[in-house]
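Just below is one structure, and these are the notes that go with it.
Owing to the predicted nature of the structure, the values given are computational and were not obtained by experimental measurement. All ligand and atom numbering here is 1-based and tracks the order in the structure.
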Amino acid sequence: MAAENVHVVAVIGAGPAGLFATRALTAQGCRVLLLNRDIKPGGLAEYGIFLNKYKMKGGLRKQFQKILTDSRVTYLGHVTVGAHGAITVPELRGLRLDALVFAHGAQGTKYLGIEGERLPGVYHAKDLVYHYNRLPPFSERDFPIGRRVAIVGVGNVMVDVANYCIHFCDCDEVIAVARRGPFEKAYDDREFEDIEEAFDGDLYRQELERIRPRLEAVGQDPDELLAALAEPESSRAAEKPDEVRTRLRFRFLAVPRRVVTEEGRVVALEIEETRLERKGDRIAAAGTSEISRIPCDTVVFAVGDRVDERIGLPYRDGLYITGSGGDEAGPYQVCDPATGAPLPGVFVVGWARRASEGVVGRARLDAETGARHVLGQLATLPRRSLADADRLIAAVTEALRSRGIAPVAYPQVQRIEAEERARAAVAKAEEFKFPSNRDMLELLRNYPGPGSDEALGSSPGSHAPTSKSSPATTP
Ligand SMILES: Cc1cc2nc3c(=O)[nH]c(=O)nc-3n(C[C@H](O)[C@H](O)[C@H](O)COP(=O)(O)OP(=O)(O)OC[C@H]3O[C@@H](n4cnc5c(N)ncnc54)[C@H](O)[C@@H]3O)c2cc1C
């Protein structure tokens, strides 16, 4: 019965990368144990993609559901892996599973190392994005947004944060701050359409004129951009819906140097003017020593994230240490920092491999490529019987429970999601999310957890809800 003999792989992180890696591995007959920090799966597809992209999120949820209801997959949510988590990396390695695939995203914060970066009123985009997408515990913390918000960075995350400020907060002005110029913007024009109604064309023209000499110095022509602003501002303004009163402007060629406060409140972002330099195909920014201030009361850094160096994988310069493209192990296998030798069976995929790089499709591709490397290595290892595989996975659940950790199984997640859908329907809202882990766990109080046959085999929705938490709905 060769078909019943399997390899057992633990995948750490149930965001797009972890889930698509799981799909690729189960498709080749692996049993997968999926350990996820958050109670609900999805990662940034659930807690990052912008609030009103319901169709995209719904489509992804459907794909994820199919993966998670595969009988070869055991999902354990609310289980953080790492030195401060439920189980450490050495402990996981000690379990002698056939491979570990780390897909836990980019959970580290990229600090610029400037004064005032950790003050109240200064946020890193990931935390704010988690907050407005209602990921506990960020959903439970206040993130007050003032009237003038400086967002550092000009990628798609800046667009999302601006979208939140413009449509969900009471802001007068959002200022996107870029080290380089308009030709180096990193956001997609289609994404920008969501905030275009707040874009102030007159201020943009003034800004292009202000920096014209510095653009022309590297052969860039601001008139190309001015011509693209085809419509006169008056007609744009006439089209603006009344409720959008926030204006969006850009401040180019400015590198943040300090967050300025008065009496503990943010009053400005101090910046150094930059000039552009051509370095081969690249345009770089160099400081000019000229300092000025952008008045604002809130600063959001949307400059990308880094991998979590505390999880316990070998780490250097913002990345886990992996093989190079030329190695047999490839850039997906984690290496010993001392010897450079690949750690047998330890792989990394998605944003955990390359922090903040690309959209869900890219994470899927990365996960599938990584899974091919994993499968290549598994092919050299003996398989186990299905009964042995199940025993091994049950032992992990048991070990967690013996430490007082109560993992959340996928049928329980489905119970939470069913209740969230019911509450959204009652509130006539597109979406409802429980704002805290406490609320979700309270709902599950009378619903059996992993380890009990009932939970692992039962269909969701057969138990009465017990939660009385207040709604957190998205209209
Ligand atoms: C603000 C924002 C908006 C975006 N919008 C879009 C969009 O509109 N369209 C699009 O295609 N892409 C979008 N993306 C990109 C997309 O979200 C990513 O490409 C994708 O989510 C990366 O997948 P991942 O699985 O590598 O990481 P993540 O999605 O971050 O998933 C990581 C998972 O690992 C878990 N985890 C973390 N630490 C641990 C730990 N220590 N132990 C166990 N589990 C852990 C987390 O709970 C999470 O479930 C957006 C990204 C951001 C930041």
Heavy-atom proximity to atom 1 (C) of ligand 1, best of Leu34, Leu35, Val129, Val307: Val129
Side chain, backbone, both or neither: Ala17 near ligand 1, heavy atoms under 4.0 Å: both
Ligand-side contact atoms (ligand 1) for residue partner Thr80, heavy atom cut-off under 4.0 Å: 41 (N), 42 (N)
Asp70 side chain near Arg23 side chain, heavy-atom distance below 4.5 Å: no
Atom indices of ligand 1 within 4.0 angstrom of Gly43 heavy atoms, with elements: 29 (O), 31 (O), 48 (C), 49 (O)
Parallel, tilted or perpendicular, as decided by the 30° and 60° cut-offs, for the rings of Phe432 and Phe434: perpendicular
Phe301 and Ile114, any side-chain heavy atoms less than 4.5 Å apart: yes
Enumerated ligand 1 atoms positioned under 4.0 Å from heavy atoms of Gly350: 26 (O)
Structural part of Arg37 in contact with ligand 1, heavy atom criterion under 4.0 angstrom: both
Atom 20 (C) of ligand 1: nearest protein contact (heavy atom, Å): Pro16 CG, 3.9 Å
Close-contact set for ligand 1 against Ile12 heavy atoms, below 4.0 Å: 42 (N), 43 (C)
Glu207 side chain reached by Arg249 side chain, heavy atoms, under 4.5 Å: no
Nitrogen or oxygen of Trp351 less than 3.5 angstrom from that of ligand 1: yes
For Val360, atoms of ligand 1 separated by under 4.0 Å from a heavy atom: 10 (C), 11 (O), 12 (N), 16 (C), 19 (O)
Side-chain heavy-atom pair Lys40, Met440 within 4.5 angstrom cut-off: yes
Atom 29 (O) of ligand 1 [closest protein heavy-atom partner, distance rounded to 0.1 Å]: Leu44 N, 2.8 Å
Neighbour count >12 (heavy atoms, 6.0 Å) for atom NZ, Lys53: yes
Glu191 contact mode with ligand 1 (heavy-atom cut-off under 4.0 Å): neither
Charged N-O contact under 4.0 Å between Glu420 and Arg61: no
Heavy-atom side-chain contact between Glu184 and Phe252 under 4.5 Å: no
Chi angles and distances behind the side chain to side chain contact (heavy atoms under 4.5 Å, CB included) call for Tyr320, Ile311: CA-CA 10 Å; Tyr320 300 124; Ile311 197 162; 3.4 Å; yes
Geometric class of the Phe143/Phe138 ring pair [parallel <30°, tilted 30-60°, perpendicular >60°]: tilted
Nearest neighbour in protein (non-hydrogen) for atom 47 (O) of ligand 1: Asp38 OD2, 2.7 Å
SB check Glu368 Arg372 (cutoff 4.0 Å): no
Contact atoms of ligand 1, heavy-atom distance to Ile311 under 4.0 Å: 41 (N)
Mode of Lys53 contact toward ligand 1 - side chain, backbone, both, neither (heavy atoms, under 4.0 Å): side chain
Aromatic plane relationship, His104 with Phe102 - under 30° parallel, 30 to 60° tilted, over 60° perpendicular: perpendicular
Residue part near ligand 1, for Asn156, under 4.0 Å between non-hydrogen atoms: neither
N or O pair under 3.5 Å between Val359 and ligand 1: yes
Nearest neighbour of atom 15 (C) of ligand 1 from the list Gly85, Gly48, Gly358, Ala363, on a heavy-atom basis: Gly358
For atom 37 (C) of ligand 1, closest protein heavy-atom neighbour: His104 O, 3.1 Å
Protein contact to atom 9 (N) of ligand 1 [nearest heavy atom, distance to 0.1 Å]: Met56 SD, 3.5 Å
Nearest non-hydrogen protein atom, atom 49 (O) of ligand 1: Asn36 OD1, 2.8 Å
Distance filter under 4.0 Å to Gly105 heavy atoms, resulting ligand 1 atoms: 27 (O), 30 (O), 32 (C)
Per-atom contact, atom 22 (C) of ligand 1, protein heavy atoms, under 4.0 angstrom: yes
Shortest protein heavy-atom distance from atom 3 (C) of ligand 1, along with the residue and atom involved: Asp160 OD2, 3.2 Å
Within-4.5 Å side-chain heavy-atom neighbours: Asp366 and Phe20: no
Residues Arg445 and Glu442 bridged, charged N to O under 4.0 Å: yes
Protein heavy atom under 4.0 Å of atom 41 (N) of ligand 1: yes
N-O pairing of Arg147 and Asp170 below 4.0 Å: yes
Positive for ring pair (Phe, Tyr, Trp, His ring centres under 6.0 Å) with Tyr132, one of Tyr47, Tyr164, Tyr123: Tyr164
Residue-ligand contact Ala103/ligand 1, heavy atom below 4.0 Å: yes
Heavy atom of the protein closest to atom 7 (C) of ligand 1 (residue, atom name, distance): Ile49 CG1, 3.6 Å
